[in-house]
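Below: the structure, in structure tokens.
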Amino acid sequence: MLNLDEAVQEFLMESRENLDQLDRDFVALETRPGDREKTAGIFRTIHTIKGTAGFLGFSRLEGLTHAGESLLSQVRDGTILLDGELTSALLAMVDRIRAMLKLVEATGVDGEVAHDDLINTLNDLRAARSTPSKPAAPAPKGSAKAAAAPAPPPATPTAPAPAQEPAPATATSAAAPNGATTKPAAKAGPPVAAPPAAPAPATGVESPTSDLNVRVDVGLLDKLMNLVGELVLARNQLVQIGARIEDQAFVSAAQRLSLITTELQENVMKTRMQPIGVVWSKLPRVVRDLAVQLGKQVRLEMVGQETELDRTILEAIKDALTHIVRNSIDHGIEMPEPRAAAGKPKTGTLTLRAFHEGGQVNVEISDDGAGINVDAVRRKAIERGLISSDRAARMGDFELTQLIFLPGFSTAEKVSNISGRGVGMDVVKTNVERIGGTVDVVSRPGAGTTLRIKIPLTLAIIPALIFASSGQRYAIPQVNLVELVRIDADAAQGIERVQGSAFFRLRGELLPLVFLAEELRGGTRRRESTLPTSSATLGGLDIDGERARYLAFTPQLARHVAEGAPLPADQSLTAASSSMGLWLQHHPGDEALLGDLHRSFFEGVHKVLEAKTRGDIAGAFRALGELAPRAVLIDQALGVLAARATESAGTNIVVLQADDHQFGLVVDEVLDTEEIVVKPLGKELKGIAVFAGATIMGDGRVALILDVAGLAQHAEAVGTDGVSDERNSVGADDAMKNAGSDDRQTLLLFAVGDDEVMAIPLSAVARIEEFPYEKIERIGRRPVVQYRGAILPLVELGPVLGPLGAPQDPRRPVHVIVYSSGDRHVGLIVRSILDVVTEALAIDRSAARSSVVGAAVVQGRVIEILDAEDVLRTQAPTLLPRSAM
Amino acid sequence: MTLPTQETTNQLCTFLLDGVLFGIDVRFVQEVLRLQEMTPVPLAPAVITGLINLRGHIVTALDLRIRLELGPRPATMEPVNVVVRHGDSTVSLLVDDIGDVVTVDPSSFEAVPSTLDARIKAVVRGVYKLKGELLLLMDPGLTLQLDASRDGLSRRRA
């Protein structure tokens, strides 16, 4: 970045804003060519840029704007009427000016290109139009006005005297032509975005409010926000102290401070808000260019552009909005003739609507086009292998419509340079969801499509769930939270363990579990692990570990005093920073006794160490003697705690949504929901995808915010591929379809014979069940089991049950994988469930046989992959008619 | 601690690490704090001790003993936070003890002795010969270059 003159900086900033306004004005003018206020405004803007460019010595810029200005002066005077060709040329000029301004910013000069081509075009256009054209509008009274010397209307005495080169910002209001009842042009048409923090000055609209606005550096606003956050914390502490000291004067002062702080916080938050119109203001130009390019007629309507959003959110949805608008025009709105044939106005309407609702901002983009062609969507989705034809046939229109958000989906018949490159709505969806928003689409055939984006007001303060794991508090954004499940210790049989992976049967669905404590220890998940609740932990405190530590501590200290043996390095020697000290801080009150013991214990430790440092060994041993009973007391208190922990032990599962997948996060203790201020982590920690940031809790301590998608990836709980949560409906064949590519798949491995191992995509597994042998009944020669009030046909995948009536071991339960397709179910009897693996698969289909898709190498061995759909088709129907289920 | 604004590099904030005297240009040092409540960061390299709340800013604390592979700090020793601002990042460096701010004589400066331990040499610009002892001039930029691939710095790598 060059260190530019202040004058140049100001020129750049002002010109850029003015150019954005020009875009809107040109587009508006095209629909209402006679709007004299707008033409005058455009002329003034170009005139100002020309003047300042000349003053600052940017001759190239001056040359181009001069040509534009000459043309515009005639437009303004009504001798030339603005049409499409003219508008395109003038917009091209605006783009060139922008490019030159960028160049000025980067290099300090306006470049070596003379732009003769465009200057000639502009001049030619002027020459061609000016002579023969009869002014469509009645010749205005003031048409003879000289271009470069606008006469100030008498009503504006403060306007400067007419000068050849008016000062950039002040003279612009002077050139209002006849009928100069210059009133704000905001009553109709494209909006004049006037954000409070960044007003669009010098647009010719005399707005008294513009003097009341100041520009504020965004960095300063962020700083203010931080300071307010601190103030809130200090306030909280004061209020707590006030409650303790019972001084009425102090309490009332603290309350006043509290109110003021809250109000200050709200207002500082507001300074970060900008109207959505700031982002929308670019769209009229986009719509116009696209419509011209495609030969369509599109009218853009915007409602609610004053709706305010945090600037970071605005930034985040900008591209998504543009993309949706382009899509609507490209795919949604039809060509004029088909529209007319369908009885619709030739000009399509694209409506942007923004409004607040329930603490969120809704943005709707609707068109009155053809709507989404669900048949085309269905065809395309099958073609692309996104869904099976079976499945597609069963899907309703609404479901089909949602398919446009799948990665790699595009219905464009041919790839255009506008849209239809296969990246699109999925990216929009991802981007919106990244900031905690949602997108959905509603389409009515022939009547149009509406996309609705719901986004939070701000990212700086978010509602979050606070919970504890391993003695630390963590926060998770509420938007990722689906539900909280608590299983009692004696009911923990709902958790299935398959090798290193655990699943919970939540209302019959398999929910992959992630144990946060293990995850954050790093890489131990694959090992056989016990549930955290099976040992005595309470609120993340490892009670058994603490007991062992405190009992061993005194002898260690004694050895240290006697022979200088090293002290345990992992145990901090201060009350506040030991693991139990930290835990006690979060459980004040409940554990007052333990807290007192703990404090006196560490006081004793310090006495010992002080005596030793003084060389008073006898004193050290005396102090040690006092310490030993305290350690015993702590042990007893911990014992009580352990008993309580076992009593109340249960498993807390936080069900989370990451992209399209759900998983259960097992935490020690769910604490609270709170509004938290999100703070970024230092760049030293950027590489850890599991954390999205940090926040400061009410007690001033830092808590980390978990990134749910990052956590899911880290845990491999959900594949990064197409393994979806539609376990009930996606058949094995669908899941296999992706396998030809190098997609990673999550497979359930199971044994069917003594050493025969097979696999089935986990996505095809509805449930894993165990039935006692005696529950298995027979219909004819086929095994069935009563299951959830219906009869589940069973299919043996190998010699598991043995010949009829001759079980291998009636005491052993029978393992069954339940596969569902629509309303049909089948239970696959397997010898045992082995493992869940996620691997990139290359399936050798030459090995296919009945009910087997093919073979693949999984974990170094060749394993056959079961086609459950085929099993269902070939085995189950012969047994039971569909109606029986 | 206030920050002098004049263009001098003569003033160094000194601190001790395993008995060795180091100094950092006072202009980089924002403040010095006694032990702060620290939130550990799981999965982070071992050198990162945790996060502290510095009046509403979240600051990462790095243990210089681990950074320089000096061996663990004795359990009785409470580390001191030297909050250092470098570029656009603010970090807290944990040291054994804080010393005075000393004004050094540029003529007493010498390049890094080649015999110095390579791990220390990597973060030191040179040596000031004080009366009776040496003061190693630590470069905050070099100190904050954490190479995750280096052994001892990374606790785990998935």
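Throughout, a chain's letter reflects where its sequence line sits, starting with A, and its residues are numbered from 1.
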Contact class of V59(B) relative to chain A, heavy atoms under 4.5 angstrom:
neither
Considering only heavy atoms, which portion of L144(B) lies under 4.5 Å from any heavy atom of chain A: side chain, backbone, both, or neither?
neither
Identify the heavy atoms of I688(A) and P42(B) that sit nearest to each other, and give their distance.
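Closest approach of I688(A) to P42(B), heavy atoms only: CD1-O, 4.2 Å.
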Could you pull out the closest heavy-atom pair between I58(B) and A694(A), with the gap in Å?
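The answer is CD1-CB, 3.4 Å.
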Any sub-3.5 Å donor-acceptor pair from T39(B)'s side-chain atoms to V702(A)'s backbone N or O?
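Side chain of T39(B) to backbone of V702(A), a donor-acceptor pair under 3.5 Å: yes, one is there.
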Under 3.5 Å, is there a donor-acceptor pair between the side chain of R701(A) and the main chain of E37(B)?
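Judged by distance alone, no pair lies under 3.5 Å.
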Could you grab the distance from atom [atom1] of [X] to atom [atom2] of [Y], nearest 0.5 Å is fine?
X: H57(B); Y: I696(A); atom1: NE2; atom2: CD1; value: 8.5 Å
X: L43(B); Y: E519(A); atom1: CG; atom2: CD; value: 8.0 Å
X: T60(B); Y: E684(A); atom1: OG1; atom2: CD; value: 4.5 Å

Check each atom of T613(A) against the heavy atoms of chain B and say whether the ones under 4.5 Å are side chain, backbone, both or neither.
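Neither part; nothing is under 4.5 Å.
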Engaged part of L681(A) at the chain B interface, taking heavy atoms whose separation is under 4.5 Å:
side chain
Should we count NZ of K129(B) as having more than 12 external heavy atoms under 6.0 Å?
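Counting other residues, nucleotides and ligands, NZ of K129(B) exceeds 12 neighbours.
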For T262(A), all residues meeting side chain to side chain donor-acceptor pair (under 3.5 Å), sequence neighbours excluded
R235(A)
